[in-house]
Amino acid sequence: MRSRRRAFSAVMRLCVKCLRVGRWRRVRLAWRAQQLWRYGHLCLRSLLYNSFTNSDVVLDSLFEPIYWLVDHVTRWFGVVFVALVIVLTSSIVAIVYICLLPLILQSYPPGWICWHLVYGHWNLLMILFHYYMAITTPPGHPPQAKSNTVAVSICRKCISPKPARTHHCSICNRCVLKMDHHCPWLNNCVGHYNHRYFFSFCLFMTMGCIYCGISSWDMFREAYAAIERMKLLEKERLQVAANQTYYQTPPPTFSFRQRAFHKSIVYLWVLCSSVALALGALTLWHAALISRGETSIERHINKKERQRLQKKGRVFRNPYSYGAWDNWKVFLGVDTRRHWLIRVLLPSTHLPHGTGLSWDRPPCVTEPRAPLLAI
(Lines give C-alpha, C1' and ligand atoms only; values in the text may rest on other atoms or scores of the structure.)
Protein backbone atom coordinates (compact mmCIF):
# COMPACT_ATOMS: atom_id res chain seq x y z
CA MET A 1 0.00 0.00 0.00
CA ARG A 2 2.79 2.41 0.93
CA SER A 3 4.70 1.49 -2.23
CA ARG A 4 1.65 2.35 -4.32
CA ARG A 5 1.29 5.70 -2.60
CA ARG A 6 4.93 6.44 -3.15
CA ALA A 7 4.71 5.53 -6.83
CA PHE A 8 1.55 7.64 -7.27
CA SER A 9 3.14 10.65 -5.54
CA ALA A 10 6.27 10.28 -7.68
CA VAL A 11 4.15 10.24 -10.85
CA MET A 12 2.19 13.32 -9.65
CA ARG A 13 5.40 15.20 -8.85
CA LEU A 14 6.77 14.34 -12.32
CA CYS A 15 3.53 15.58 -13.97
CA VAL A 16 3.61 18.82 -11.99
CA LYS A 17 7.26 19.29 -12.90
CA CYS A 18 6.50 18.70 -16.60
CA LEU A 19 3.65 21.18 -16.45
CA ARG A 20 5.93 23.77 -14.84
CA VAL A 21 8.61 23.21 -17.51
CA GLY A 22 6.05 23.45 -20.32
CA ARG A 23 4.65 26.66 -18.91
CA TRP A 24 8.12 28.14 -18.58
CA ARG A 25 8.87 27.25 -22.22
CA ARG A 26 5.64 28.84 -23.38
CA VAL A 27 6.45 32.00 -21.44
CA ARG A 28 9.96 32.01 -22.86
CA LEU A 29 8.70 31.60 -26.43
CA ALA A 30 6.17 34.36 -25.95
CA TRP A 31 8.87 36.63 -24.56
CA ARG A 32 11.17 35.92 -27.51
CA ALA A 33 8.35 36.56 -30.00
CA GLN A 34 7.63 39.86 -28.27
CA GLN A 35 11.30 40.85 -28.47
CA LEU A 36 11.45 39.97 -32.17
CA TRP A 37 8.31 41.99 -32.82
CA ARG A 38 9.75 45.01 -31.02
CA TYR A 39 13.03 44.68 -32.89
CA GLY A 40 11.31 44.40 -36.25
CA HIS A 41 9.08 47.36 -35.46
CA LEU A 42 12.13 49.41 -34.49
CA CYS A 43 13.95 48.47 -37.71
CA LEU A 44 10.91 49.38 -39.79
CA ARG A 45 10.59 52.75 -38.09
CA SER A 46 14.29 53.43 -38.49
CA LEU A 47 14.00 52.76 -42.21
CA LEU A 48 10.89 54.85 -42.74
CA TYR A 49 11.46 57.71 -40.31
CA ASN A 50 14.28 60.16 -40.74
CA SER A 51 14.59 63.85 -39.99
CA PHE A 52 15.78 64.36 -43.60
CA THR A 53 13.13 62.15 -45.19
CA ASN A 54 10.61 63.83 -47.48
CA SER A 55 8.46 62.92 -50.46
CA ASP A 56 11.45 63.05 -52.83
CA VAL A 57 13.37 60.46 -50.79
CA VAL A 58 10.34 58.16 -50.69
CA LEU A 59 9.83 58.46 -54.45
CA ASP A 60 13.53 57.82 -55.11
CA SER A 61 13.35 54.68 -52.97
CA LEU A 62 10.25 53.42 -54.77
CA PHE A 63 11.75 54.08 -58.20
CA GLU A 64 15.14 52.58 -57.36
CA PRO A 65 14.44 49.31 -59.27
CA ILE A 66 13.38 51.34 -62.32
CA TYR A 67 16.54 53.43 -62.08
CA TRP A 68 18.62 50.25 -61.94
CA LEU A 69 16.89 48.89 -65.03
CA VAL A 70 17.27 52.16 -66.96
CA ASP A 71 20.96 52.41 -66.03
CA HIS A 72 21.73 48.92 -67.32
CA VAL A 73 19.62 49.31 -70.47
CA THR A 74 21.26 52.66 -71.23
CA ARG A 75 24.71 51.20 -70.65
CA TRP A 76 24.21 48.39 -73.14
CA PHE A 77 22.16 50.30 -75.73
CA GLY A 78 24.36 53.41 -75.85
CA VAL A 79 26.10 52.17 -79.01
CA VAL A 80 22.70 51.54 -80.61
CA PHE A 81 21.60 55.11 -79.88
CA VAL A 82 24.80 56.53 -81.35
CA ALA A 83 24.38 54.38 -84.48
CA LEU A 84 20.77 55.60 -84.75
CA VAL A 85 21.87 59.24 -84.65
CA ILE A 86 24.46 58.59 -87.34
CA VAL A 87 22.00 56.73 -89.59
CA LEU A 88 19.24 59.33 -89.27
CA THR A 89 21.61 62.25 -89.83
CA SER A 90 23.20 60.52 -92.82
CA SER A 91 19.77 59.87 -94.36
CA ILE A 92 18.82 63.55 -94.06
CA VAL A 93 22.14 64.66 -95.59
CA ALA A 94 21.70 62.18 -98.45
CA ILE A 95 18.17 63.43 -99.19
CA VAL A 96 19.37 67.03 -99.17
CA TYR A 97 22.19 66.29 -101.62
CA ILE A 98 20.11 64.05 -103.90
CA CYS A 99 16.71 65.79 -103.86
CA LEU A 100 16.95 69.36 -102.57
CA LEU A 101 20.32 70.59 -103.79
CA PRO A 102 19.70 69.91 -107.52
CA LEU A 103 16.40 71.85 -107.36
CA ILE A 104 18.11 74.72 -105.54
CA LEU A 105 20.83 74.90 -108.19
CA GLN A 106 18.27 74.86 -111.02
CA SER A 107 15.58 77.22 -109.72
CA TYR A 108 17.15 79.64 -107.19
CA PRO A 109 18.93 82.91 -108.03
CA PRO A 110 22.74 83.06 -107.55
CA GLY A 111 22.53 84.94 -104.25
CA TRP A 112 20.28 82.33 -102.63
CA ILE A 113 22.38 79.51 -104.07
CA CYS A 114 25.51 80.94 -102.39
CA TRP A 115 23.60 81.36 -99.12
CA HIS A 116 22.38 77.76 -99.08
CA LEU A 117 25.77 76.34 -100.04
CA VAL A 118 27.71 78.35 -97.45
CA TYR A 119 25.27 78.14 -94.54
CA GLY A 120 24.29 74.50 -95.15
CA HIS A 121 27.87 73.23 -95.28
CA TRP A 122 28.93 75.38 -92.30
CA ASN A 123 26.03 74.06 -90.22
CA LEU A 124 26.79 70.47 -91.25
CA LEU A 125 30.47 70.92 -90.37
CA MET A 126 29.61 72.26 -86.90
CA ILE A 127 27.19 69.38 -86.24
CA LEU A 128 29.69 66.70 -87.24
CA PHE A 129 32.59 68.29 -85.35
CA HIS A 130 30.77 68.83 -82.06
CA TYR A 131 29.07 65.43 -82.11
CA TYR A 132 32.37 63.67 -82.70
CA MET A 133 34.07 65.67 -79.94
CA ALA A 134 31.18 65.10 -77.51
CA ILE A 135 31.42 61.34 -78.04
CA THR A 136 35.20 60.97 -77.93
CA THR A 137 36.12 63.55 -75.26
CA PRO A 138 36.16 62.16 -71.69
CA PRO A 139 34.07 64.31 -69.34
CA GLY A 140 36.83 64.36 -66.72
CA HIS A 141 37.29 62.26 -63.59
CA PRO A 142 38.84 63.04 -60.20
CA PRO A 143 42.24 61.43 -59.58
CA GLN A 144 42.11 58.03 -57.92
CA ALA A 145 45.55 58.31 -56.35
CA LYS A 146 46.27 60.42 -53.29
CA SER A 147 46.62 64.10 -54.16
CA ASN A 148 46.19 67.56 -52.69
CA THR A 149 42.80 67.98 -54.34
CA VAL A 150 40.29 69.82 -52.17
CA ALA A 151 37.31 67.50 -51.63
CA VAL A 152 33.91 68.42 -50.25
CA SER A 153 32.75 64.84 -49.56
CA ILE A 154 33.52 61.16 -50.08
CA CYS A 155 31.80 59.15 -52.79
CA ARG A 156 29.92 56.27 -51.19
CA LYS A 157 30.40 54.06 -54.26
CA CYS A 158 33.95 54.95 -55.35
CA ILE A 159 35.12 55.46 -51.74
CA SER A 160 37.26 58.34 -52.96
CA PRO A 161 37.28 62.13 -52.42
CA LYS A 162 34.77 64.13 -54.44
CA PRO A 163 35.70 67.69 -55.47
CA ALA A 164 33.05 70.37 -55.72
CA ARG A 165 30.45 69.86 -58.47
CA THR A 166 31.51 66.22 -58.88
CA HIS A 167 28.89 63.48 -58.92
CA HIS A 168 28.87 59.71 -59.38
CA CYS A 169 27.47 58.28 -62.62
CA SER A 170 25.75 54.96 -62.00
CA ILE A 171 25.97 54.06 -65.71
CA CYS A 172 29.68 54.75 -66.17
CA ASN A 173 30.30 53.63 -62.56
CA ARG A 174 32.73 56.52 -62.04
CA CYS A 175 32.71 60.01 -60.56
CA VAL A 176 32.49 62.77 -63.17
CA LEU A 177 33.78 66.34 -62.81
CA LYS A 178 31.00 68.93 -63.08
CA MET A 179 28.58 66.21 -64.13
CA ASP A 180 25.46 67.36 -65.95
CA HIS A 181 23.91 64.03 -66.96
CA HIS A 182 24.61 60.80 -68.81
CA CYS A 183 23.51 61.17 -72.43
CA PRO A 184 22.55 57.88 -74.15
CA TRP A 185 22.70 59.58 -77.56
CA LEU A 186 26.41 60.20 -76.93
CA ASN A 187 27.05 56.99 -75.00
CA ASN A 188 29.04 59.24 -72.71
CA CYS A 189 28.68 61.42 -69.66
CA VAL A 190 28.35 65.17 -70.10
CA GLY A 191 30.88 66.75 -67.77
CA HIS A 192 33.51 69.43 -67.41
CA TYR A 193 35.50 68.76 -70.60
CA ASN A 194 32.71 67.95 -73.07
CA HIS A 195 29.80 70.03 -71.80
CA ARG A 196 30.45 72.73 -74.42
CA TYR A 197 30.59 70.15 -77.21
CA PHE A 198 27.28 68.65 -76.11
CA PHE A 199 25.46 71.99 -75.97
CA SER A 200 26.96 73.15 -79.27
CA PHE A 201 25.85 69.93 -80.95
CA CYS A 202 22.29 70.40 -79.65
CA LEU A 203 22.28 74.03 -80.78
CA PHE A 204 23.63 73.45 -84.29
CA MET A 205 21.52 70.33 -84.81
CA THR A 206 18.41 72.34 -83.89
CA MET A 207 19.47 75.13 -86.25
CA GLY A 208 20.08 72.59 -89.03
CA CYS A 209 16.68 70.95 -88.55
CA ILE A 210 14.93 74.34 -88.58
CA TYR A 211 16.87 75.28 -91.71
CA CYS A 212 15.89 72.05 -93.50
CA GLY A 213 12.28 72.34 -92.37
CA ILE A 214 11.89 75.91 -93.62
CA SER A 215 13.77 75.28 -96.87
CA SER A 216 11.68 72.22 -97.74
CA TRP A 217 8.27 73.52 -96.63
CA ASP A 218 6.96 74.24 -100.16
CA MET A 219 8.36 70.97 -101.47
CA PHE A 220 6.79 69.13 -98.54
CA ARG A 221 3.32 70.45 -99.38
CA GLU A 222 3.72 69.49 -103.03
CA ALA A 223 5.08 66.05 -102.13
CA TYR A 224 2.25 65.43 -99.66
CA ALA A 225 -0.34 66.40 -102.28
CA ALA A 226 1.40 64.16 -104.81
CA ILE A 227 1.27 61.19 -102.41
CA GLU A 228 -2.46 61.76 -101.91
CA ARG A 229 -2.91 61.78 -105.70
CA MET A 230 -0.92 58.54 -105.85
CA LYS A 231 -3.35 56.89 -103.44
CA LEU A 232 -6.36 58.16 -105.38
CA LEU A 233 -5.00 57.04 -108.75
CA GLU A 234 -4.11 53.67 -107.28
CA LYS A 235 -7.74 53.20 -106.25
CA GLU A 236 -8.96 54.21 -109.70
CA ARG A 237 -6.48 51.86 -111.36
CA LEU A 238 -7.70 48.94 -109.27
CA GLN A 239 -11.32 49.76 -110.10
CA VAL A 240 -10.55 50.00 -113.80
CA ALA A 241 -8.60 46.73 -113.67
CA ALA A 242 -11.63 45.03 -112.13
CA ASN A 243 -14.08 46.36 -114.81
CA GLN A 244 -11.66 46.78 -117.69
CA THR A 245 -12.89 46.68 -121.32
CA TYR A 246 -10.95 46.91 -124.54
CA TYR A 247 -11.67 50.61 -125.13
CA GLN A 248 -10.82 51.78 -121.57
CA THR A 249 -7.30 52.98 -120.77
CA PRO A 250 -5.98 52.77 -117.16
CA PRO A 251 -5.03 56.04 -115.43
CA PRO A 252 -1.35 57.02 -115.48
CA THR A 253 0.83 55.73 -112.65
CA PHE A 254 3.79 57.31 -110.85
CA SER A 255 7.21 55.87 -111.44
CA PHE A 256 9.29 54.39 -108.65
CA ARG A 257 11.66 57.37 -108.77
CA GLN A 258 8.78 59.82 -108.33
CA ARG A 259 7.35 57.85 -105.43
CA ALA A 260 10.75 57.67 -103.70
CA PHE A 261 11.33 61.39 -104.27
CA HIS A 262 8.02 62.51 -102.75
CA LYS A 263 8.25 60.13 -99.80
CA SER A 264 11.82 61.23 -99.11
CA ILE A 265 10.75 64.87 -98.96
CA VAL A 266 7.92 64.05 -96.53
CA TYR A 267 10.29 61.94 -94.41
CA LEU A 268 12.84 64.77 -94.30
CA TRP A 269 10.34 67.42 -93.25
CA VAL A 270 8.61 65.28 -90.59
CA LEU A 271 11.88 64.10 -89.04
CA CYS A 272 13.49 67.56 -89.05
CA SER A 273 10.39 69.20 -87.58
CA SER A 274 10.12 66.58 -84.81
CA VAL A 275 13.80 66.82 -83.91
CA ALA A 276 13.68 70.62 -84.02
CA LEU A 277 10.82 70.69 -81.49
CA ALA A 278 12.24 68.08 -79.11
CA LEU A 279 15.90 69.05 -79.32
CA GLY A 280 15.03 72.75 -79.41
CA ALA A 281 13.21 72.46 -76.08
CA LEU A 282 16.21 70.61 -74.60
CA THR A 283 18.59 73.28 -75.94
CA LEU A 284 16.53 76.08 -74.40
CA TRP A 285 16.48 74.21 -71.08
CA HIS A 286 20.27 73.88 -71.04
CA ALA A 287 20.67 77.49 -72.16
CA ALA A 288 18.65 78.58 -69.12
CA LEU A 289 20.84 76.41 -66.86
CA ILE A 290 24.03 77.86 -68.36
CA SER A 291 22.70 81.39 -67.82
CA ARG A 292 22.22 80.55 -64.13
CA GLY A 293 25.65 78.93 -63.86
CA GLU A 294 24.41 75.47 -62.86
CA THR A 295 24.10 71.96 -64.26
CA SER A 296 21.04 69.73 -64.44
CA ILE A 297 22.00 68.00 -61.18
CA GLU A 298 22.86 71.28 -59.43
CA ARG A 299 19.50 72.68 -60.41
CA HIS A 300 17.72 70.16 -58.15
CA ILE A 301 20.30 70.57 -55.38
CA ASN A 302 20.07 74.37 -55.49
CA LYS A 303 16.29 74.23 -55.52
CA LYS A 304 16.21 72.20 -52.30
CA GLU A 305 18.85 74.42 -50.69
CA ARG A 306 16.93 77.52 -51.71
CA GLN A 307 13.74 76.18 -50.11
CA ARG A 308 15.60 75.17 -46.94
CA LEU A 309 17.18 78.60 -46.49
CA GLN A 310 13.96 80.36 -47.38
CA LYS A 311 12.30 78.78 -44.34
CA LYS A 312 15.07 80.29 -42.21
CA GLY A 313 14.67 83.73 -43.75
CA ARG A 314 17.85 83.52 -45.83
CA VAL A 315 18.56 83.88 -49.54
CA PHE A 316 20.58 81.30 -51.47
CA ARG A 317 23.32 82.51 -53.82
CA ASN A 318 24.91 80.17 -56.34
CA PRO A 319 28.69 80.39 -55.74
CA TYR A 320 29.42 79.31 -59.33
CA SER A 321 27.27 81.96 -61.01
CA TYR A 322 28.85 85.24 -62.18
CA GLY A 323 25.86 86.70 -63.95
CA ALA A 324 24.22 85.55 -67.19
CA TRP A 325 26.70 87.21 -69.59
CA ASP A 326 29.82 86.13 -67.70
CA ASN A 327 28.39 82.62 -67.26
CA TRP A 328 28.17 82.29 -71.03
CA LYS A 329 31.71 83.58 -71.49
CA VAL A 330 33.02 81.10 -68.92
CA PHE A 331 31.06 78.23 -70.48
CA LEU A 332 32.15 78.98 -74.06
CA GLY A 333 35.73 79.86 -73.08
CA VAL A 334 35.53 83.38 -74.51
CA ASP A 335 38.23 85.69 -73.14
CA THR A 336 38.46 88.25 -75.98
CA ARG A 337 36.18 89.46 -78.76
CA ARG A 338 38.17 87.47 -81.28
CA HIS A 339 37.23 84.27 -79.46
CA TRP A 340 33.57 84.69 -80.44
CA LEU A 341 34.64 83.96 -84.01
CA ILE A 342 37.37 81.37 -83.63
CA ARG A 343 35.93 79.53 -80.61
CA VAL A 344 32.15 79.81 -81.07
CA LEU A 345 31.40 80.22 -84.78
CA LEU A 346 34.22 77.95 -85.94
CA PRO A 347 35.26 74.47 -84.75
CA SER A 348 37.60 74.76 -81.76
CA THR A 349 39.15 72.24 -79.38
CA HIS A 350 40.11 74.72 -76.66
CA LEU A 351 39.82 73.49 -73.08
CA PRO A 352 37.33 74.97 -70.58
CA HIS A 353 38.40 77.24 -67.76
CA GLY A 354 39.91 75.41 -64.81
CA THR A 355 40.60 71.76 -64.20
CA GLY A 356 37.23 70.82 -62.70
CA LEU A 357 38.92 70.06 -59.36
CA SER A 358 38.81 73.63 -58.02
CA TRP A 359 36.71 76.58 -59.05
CA ASP A 360 38.65 79.81 -58.92
CA ARG A 361 37.46 83.04 -60.49
CA PRO A 362 38.07 82.86 -64.30
CA PRO A 363 39.98 85.75 -65.88
CA CYS A 364 37.10 86.59 -68.22
CA VAL A 365 34.74 87.40 -65.33
CA THR A 366 34.31 91.14 -64.87
CA GLU A 367 32.04 91.21 -61.83
CA PRO A 368 33.02 89.92 -58.36
CA ARG A 369 31.50 86.67 -57.19
CA ALA A 370 28.35 86.92 -55.12
CA PRO A 371 28.50 85.54 -51.56
CA LEU A 372 27.16 82.09 -50.90
CA LEU A 373 24.61 83.15 -48.28
CA ALA A 374 23.03 86.47 -47.60
CA ILE A 375 20.65 87.49 -44.87
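All values below were derived from every heavy atom in this structure, side-chain atoms included, with hydrogens, water molecules and symmetry-related copies excluded.
- Atom-to-atom distance recorded for M133:CE and L186:CG is 12.5 Å, nearest 0.5 angstrom.
- Using a 30° and 60° split on the angle between ring planes, W328 and F331 fall in the perpendicular class, above 60°.
- Here the closest heavy-atom approach between residue P138 and residue Y193 is recorded as O-CB, 3.4 Å.
- The shortest side-chain heavy-atom distance between L177 and L357 falls under the 4.5 Å cut-off.
- Rounded to the nearest 0.5 Å, atoms CG (N188) and OG1 (T136) are 8.5 Å apart.
- Side-chain heavy atoms closer than 4.5 Å link hydrophobic residues (I, L, V, M, F, W, Y) into clusters, and following such links, possibly through other members, connects L105 to W115.
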* Please assess H350 against H339 for the test side-chain contact (heavy atoms from CB on, under 4.5 Å), listing each intermediate value before the final yes or no. => CA-CA 10 Å; H350 67 277; H339 287 167; over 6 Å; no
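- Both W217 and V270 are part of a single hydrophobic cluster, where members link through side-chain heavy atoms under 4.5 Å apart.
- I104 and L117 fall within a single hydrophobic cluster, where Ile, Leu, Val, Met, Phe, Trp and Tyr are joined by side-chain heavy atoms under 4.5 Å apart, directly or via other members.
- If you look at F199 and H130, their ring centroids are not closer than 6.0 Å.
- Side-chain contact between R165 and H192 is absent, with no heavy atoms from C-beta onward closer than 4.5 Å.
- Criterion: ILVMFWY side-chain heavy atoms under 4.5 Å apart, direct or through other members. Under it, V344 and F129 are not part of a common hydrophobic cluster.
- Between Y119 and W112, a ring centre-to-centre spacing not shorter than 6.0 Å is recorded.
- Heavy-atom minimum distance, P102 versus I98: CG-O, 3.3 Å.
- Residues I92 and Y267 have side chains in contact (heavy-atom distance under 4.5 Å, counting atoms from C-beta outward).
- Proximity of a side-chain donor or acceptor of D335 to a complementary backbone N or O of P363 within less than 3.5 Å is not detected.
- Of the inter-residue distances, the one linking I297 atom CD1 with K178 atom NZ reads 12.0 Å to the nearest 0.5 angstrom.
- Centroid-to-centroid, the aromatic rings of H182 and F198 stay 6.0 Å apart or farther.
- With hydrogens and angles ignored, the 3.5 Å screen pairs no side-chain donor or acceptor of W269 with any backbone N or O of M219.
- In this structure, N194 contributes its side chain and G191 its backbone to a donor-acceptor pair below 3.5 Å.
- The backbone N or O of K162 sits nowhere less than 3.5 Å from a side-chain atom of T166 that would complete a donor-acceptor pair.
- Atom CG in L279 sits 12.0 Å away from atom OG in S274 (nearest 0.5 Å).
- The closest side-chain heavy-atom distance from F81 to C183 is not below 4.5 Å.
- The heavy-atom pair separating Y322 from R361 by the smallest distance is OH-CA, 4.2 Å.
- Not counting sequence neighbours, H141 has no partner by the ring pair (Phe, Tyr, Trp, His ring centres under 6.0 Å) test.
- Within the 4.5 Å cutoff, the side chain of D180 has heavy atoms near those of the S296 side chain.
- At least one side-chain heavy atom of H167 sits under 4.5 Å from a side-chain heavy atom of I301.
- Residue Y211 qualifies as enclosed at atom OH: its count of foreign heavy atoms under 6.0 Å is above 12.
- Hydrophobic clustering (side-chain heavy atoms under 4.5 Å, transitive across Ile, Leu, Val, Met, Phe, Trp, Tyr) groups F204 together with W185.
- The aromatic rings of H181 and H286 sit tilted relative to each other, their planes meeting at an angle between 30° and 60°.
- For R221, the salt bridge (charged side-chain N to carboxylate O under 4.0 Å, His left out) criterion is met by D218, not counting sequence neighbours.
- Using a 30° and 60° split on the angle between ring planes, Y131 and F201 fall in the tilted class, from 30° to 60°.
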I'd like a table of donor-acceptor pairs (distance under 3.5 Å, sequence neighbours excluded) in which one partner is a side-chain atom from residues 151-158, with atom names and distances.
none

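- Proximity of a side-chain donor or acceptor of S91 to a complementary backbone N or O of L88 within less than 3.5 Å is detected.
- Using a distance-only test at 3.5 Å, with no hydrogens or angles considered, no donor-acceptor pair links the side chain of W359 to the main chain of Y320.
- Nearest approach of V176 to C169, heavy atoms of both residues: CG2-CB, 4.1 Å.
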* For the pair V334 and C364, evaluate side-chain contact (heavy atoms from CB on, under 4.5 Å) and give the outcome as yes or no after the intermediate values. => CA-CA 7 Å; V334 175; C364 60; over 6 Å; no
* To do: Check the pair H168 / N173 against side-chain contact (heavy atoms from CB on, under 4.5 Å), numbers first and verdict last.
  => CA-CA 7 Å; H168 186 88; N173 200 23; 3.6 Å; yes
* To do: Show your working on side-chain contact (heavy atoms from CB on, under 4.5 Å) between K263 and I227 and close with a plain yes or no.
  => CA-CA 8 Å; K263 291 181 179 180; I227 291 176; 4.0 Å; yes
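- A heavy-atom distance below 4.5 Å is not found between the side chains of V85 and V82.
- Of all heavy-atom pairs between G293 and N327, the closest is N-ND2, 3.4 Å.
- Note that CD1 of I95 is 8.5 Å distant from CG of L271, once rounded to the nearest 0.5 Å.
- Between atom CE of residue M179 and atom CZ of residue R174 there is a gap of 12.5 Å, rounded to the nearest 0.5 Å.
- At distances below 3.5 Å, at least one donor-acceptor pair connects side-chain atoms of T295 with backbone N or O atoms of E298.
- Here the side chains of L332 and W340 are in contact, with some heavy-atom distance below 4.5 Å.
- I265 approaches C99 most closely through the heavy-atom pair CD1-CB, 4.0 Å.
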